[in-house]
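In what follows, residues are counted from 1 in the order of the sequence shown.
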Amino acid sequence: MRAVVQHRYGGPEVLDLAEVDAPTPAADDVLIRVQAVAVSAGDALIMRGEPRAVRLAFGMRHPKRPTIGRDVAGIVEAVGPAVTRFEVGDAVYAESDQGGYAELVAVAEGFVARRPANVDAIHAAAVPVSGTTALQGWRLADVGPGRHVLVNGASGGVGGFAVQLAKAMGAEVTGVCRGAKAEHVRAIGADHVIDHTREDFTDTTDRYDAIFDLVADHSLGDLRRALTPRGTLVLSSGKGGAVFGPIGRIIRASLMDPFVSQRLRPLAARRSGDDLAELTRLIEAGEVNPVVDRTYPLAQAAQALADFESGTVRGKLVLTV
C-alpha cells in the first residue's frame with residue numbers, strides 16, 4: 001500500500017510517499033481503507049521530534065514508526081474475529097495510533113465509531129483528535145448553561161470544536177484569535193471575538209468561568225487574573241524549551257492547583273470511541289460542524305504540514321487518499 005513515511009526527524013522535507021506493507025488486523029482490530037486523514041499539531045510534533053522529550057516515546061535517533069497521522073475516516077475493509085460492532089463496508093472514523101497517512105490502517109474496535117450520516121469522509125476526518133480534545137477539556141471545566149467561557153486559540157482545529165461544543169452546552173463563548181480570522185470564529189458560533197494583536201484578554205476587567213488555553217502565550221498568573229475566583233483553567237498546550245516543552249508549565253500548574261481557589265487543569269486528551277460516538281450525535285443534530293480549510297492529495301502531505309505550521313489555517317487541513 002502507499003503511505004507517507006519519514007526515516008528521520010525534521011521539517012516537512014523529511015516526508016516521502018512510499019510503498020509499504022499493509023497492516024494485518026489483530027483479533028479486535030478494524031482494518032480501515034482510509035479515504036481521508038486530517039493534519040494535526042501532534043503530527044507536526046512527531047515529525048520534528050520536538051520537544052526532544054517526545055523522542056523517549058517515539059524513538060531517540062529516528063522515529064520507531066515511520067508513518068504519522070491519527071485522524072482517519074474511511075470504509076471498513078476487514079475485521080478481526082473478536083470485532084462485534086462493525087462489518088465490512090461500514091463508513092467509520094477513528095483515532096489511530098498506527099499511522100494514518102496511508103491507504104490502510106488497523107485500529108482497535110474500541111476507538112472506532114460510525115461516521116456521522118450527514119458529513120463526508122473529508123469532514124469526518126477533521127473530528128477525532130480535535131473534537132475529543134475539546135470535549136474532554138470542557139468536561140474538566142464543568143461547562144454548562146449560564147457559564148461564560150473563553151477559548152484562547154479559537155480559530156484552529158481544537159479551538160473551533162471548543163467554541164462549538166461550549167455553545168452546544170449552553171455557554172456564552174468568547175474566542176481569541178488573529179483579527180484576520182475573527183469572522184471565521186464568529187461564523188462557528190462565538191458570541192464575542194477578541195483580536196489578540198490589539199487587545200490582551202488578561203488585561204481587562206472581564207472574568208471568565210473557564211478558559212481553554214490552546215496557545216500558551218500568557219503566564220499562569222495572567223490567565224488566573226482573567227478567571228473568576230472559582231473558575232477553571234484548562235491547559236492543552238505549551239511552548240517551553242526545546243527539550244521538555246510544556247512539561248514545566250504543566251508541573252507548575254499542578255503544584256499551584258491545591259493552593260489557589262481556582263482549578264488549574266492540564267489536559268492529557270485520550271482516545272475514546274465513546275467520545276467519538278457523542279460527537280457523532282452532536283454532528284448529526286447540527287450542533288457541531290467540522291470545519292475544513294483545505295484538502296490535499298496524500299502525495300502532498302509535506303505541503304500540508306508546511307501550511308499547517310504557517311499559522312494561517314482556519315479549522316483543519318485534510319489529506320485525501
* To do: Just do the salt bridge (Lys or Arg N to Asp or Glu O under 4.0 Å) check on Asp307 and Arg294 with the steps written out, would you?
  => CA-CA 10 Å; Asp307 290 347; Arg294 277 162 277 172; 3.5 Å; yes

* **Step-by-step side chain to side chain contact (heavy atoms under 4.5 Å, CB included) determination, Ser40 to Asp43** => CA-CA 5 Å; Ser40 71; Asp43 299 342; 3.4 Å; yes

* To do: Go through the steps to decide whether Glu77 and Ile32 satisfy the test side chain to side chain contact (heavy atoms under 4.5 Å, CB included), and finish with yes or no.
  => CA-CA 5 Å; Glu77 180 87 357; Ile32 301 170; over 6 Å; no

* Are Asp293 and Val291 close enough, and set up right, to give a side chain to side chain contact (heavy atoms under 4.5 Å, CB included), and what steps lead you there? -> CA-CA 7 Å; Asp293 189 322; Val291 177; over 6 Å; no

* **salt bridge (Lys or Arg N to Asp or Glu O under 4.0 Å) between Asp90 and Arg114, intermediate numbers included** => CA-CA 7 Å; Asp90 286 344; Arg114 296 189 185 279; 3.0 Å; yes

* Determine, stepwise, if the pair Val76 / Val79 fulfils side chain to side chain contact (heavy atoms under 4.5 Å, CB included). => CA-CA 7 Å; Val76 176; Val79 297; 3.6 Å; yes

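For Asp257 (side chain) and Leu264 (main-chain N/O), a donor-acceptor pair under 3.5 Å exists by modelled atom type. Looking at Asp28, its side chain never comes within 3.5 Å of a backbone N or O of Glu109 through a donor-acceptor pair. In this structure, the side chain of Asp200 engages the main chain of Thr202 through a donor-acceptor pair within 3.5 Å. Between the Glu13 side chain and the Gly11 main chain, a donor and an acceptor come within less than 3.5 Å of each other. Using a distance-only test at 3.5 Å, with no hydrogens or angles considered, a donor-acceptor pair links the side chain of Glu103 to the main chain of Arg2. Not a single donor-acceptor pair under 3.5 Å links the side chain of Arg70 to the backbone N or O of Asp97. Checking side-chain atoms of Lys316 against main-chain N and O of Val39 turns up a donor-acceptor pair under 3.5 Å. Remark: side-chain polar atoms of Arg207 are paired, donor with acceptor, to backbone N or O of Arg225 under 3.5 angstrom. In this structure, Trp138 contributes its side chain and Leu165 its backbone to no donor-acceptor pair below 3.5 Å. With Asp29 contributing its side chain and Leu31 its backbone, the two residues share no donor-acceptor pair below 3.5 Å.
Judged by distance alone, the side chains of Arg65 and Gln98 do bring a donor and an acceptor atom under 3.5 Å apart. Inspection of the Asp16 and Gln6 side chains reveals no N or O donor paired with an N or O acceptor under 3.5 Å.
In this structure, Val288 and Phe161 have side chains that are in contact, with non-hydrogen atoms separated by less than 4.5 Å. Residues Asp195 and Cys177 fail the side-chain proximity criterion, which asks for heavy atoms closer than 4.5 Å. Taking 4.5 Å as the limit, every side-chain heavy atom of Tyr208 sits out of range of all side-chain heavy atoms of Thr228. You'll find the side chain of Leu220 reaches within 4.5 Å of the side chain of Arg249, heavy atoms only. Within the 4.5 Å cutoff, the side chain of Arg55 has no heavy atoms near those of the His62 side chain. Between Thr132 and Arg271, the closest side-chain pair of non-hydrogen atoms is not below 4.5 Å. Val149 has its side chain out of reach of Thr174: every pair of non-hydrogen atoms, C-beta onward, lies at least 4.5 Å apart. Between Pro12 and Met47, some side-chain heavy-atom pair lies under the 4.5 Å cut-off.
To the nearest 0.5 Å, atoms CD (Gln136) and OG (Ser236) are separated by 9.5 Å. Atom CD of residue Glu95 and atom CZ of residue Arg270 lie 10.5 Å apart, to the nearest 0.5 angstrom. Taking CG of Leu305 as the start and CG of Leu319 as the end, the distance is 8.0 Å to the nearest 0.5 Å. In this structure, CZ on Phe201 lies 15.0 Å from NE2 on His192, to the nearest 0.5 angstrom. Expressed to the nearest 0.5 Å, how far CG of Leu233 lies from CG of Leu150 amounts to 10.5 Å. Expressed to the nearest 0.5 Å, how far CG of Leu15 lies from CD of Gln300 amounts to 13.0 Å.
Summarising the local packing, CD of Glu284 is surrounded by more than 12 heavy atoms from other residues, nucleotides or ligands at distances under 6.0 Å.
The hydrophobic clustering, which links ILVMFWY residues whose side-chain heavy atoms are closer than 4.5 Å, places Val143 and Leu227 apart. The cluster map of Ile, Leu, Val, Met, Phe, Trp and Tyr, joined by side-chain heavy atoms under 4.5 Å apart, puts Val129 and Phe111 in different clusters. At a threshold of 4.5 Å between side-chain heavy atoms, the hydrophobic network of Ile, Leu, Val, Met, Phe, Trp and Tyr places Val313 and Leu45 in one connected group. The hydrophobic clustering, which links ILVMFWY residues whose side-chain heavy atoms are closer than 4.5 Å, places Ile211 and Met256 together. A continuous path of Ile, Leu, Val, Met, Phe, Trp and Tyr side chains, each step under 4.5 Å between heavy atoms, connects Val4 with Phe58, placing both in one hydrophobic cluster.
Counting all heavy atoms, side chain and backbone alike, Pro290 lies closest to Ala126 at CB-CB, 4.2 Å. Taking each heavy atom of Ala113 and Ala277 in turn, the nearest pair found is CB-N, 4.1 Å. Pairing each heavy atom of Val173 with each of Ala166, the nearest pair is CG2-CB, 3.6 Å.
His218 and His196 have their aromatic ring centers separated by at least 6.0 angstrom.
Tested against Asp142 for a salt bridge (Lys or Arg N to Asp or Glu O under 4.0 Å), the candidates Arg263, Arg230, Arg147, Arg265 yield a single pass: Arg263. Between Leu267 and the choices Val158, Leu140, Leu214, the side chain to side chain contact (heavy atoms under 4.5 Å, CB included) rule is met once, by Leu140.
Remark: Arg115 is not positioned above the aromatic ring of Tyr93, lacking an NZ or CZ atom under 6.0 angstrom from the ring centre and at most 45 degrees off the axis.
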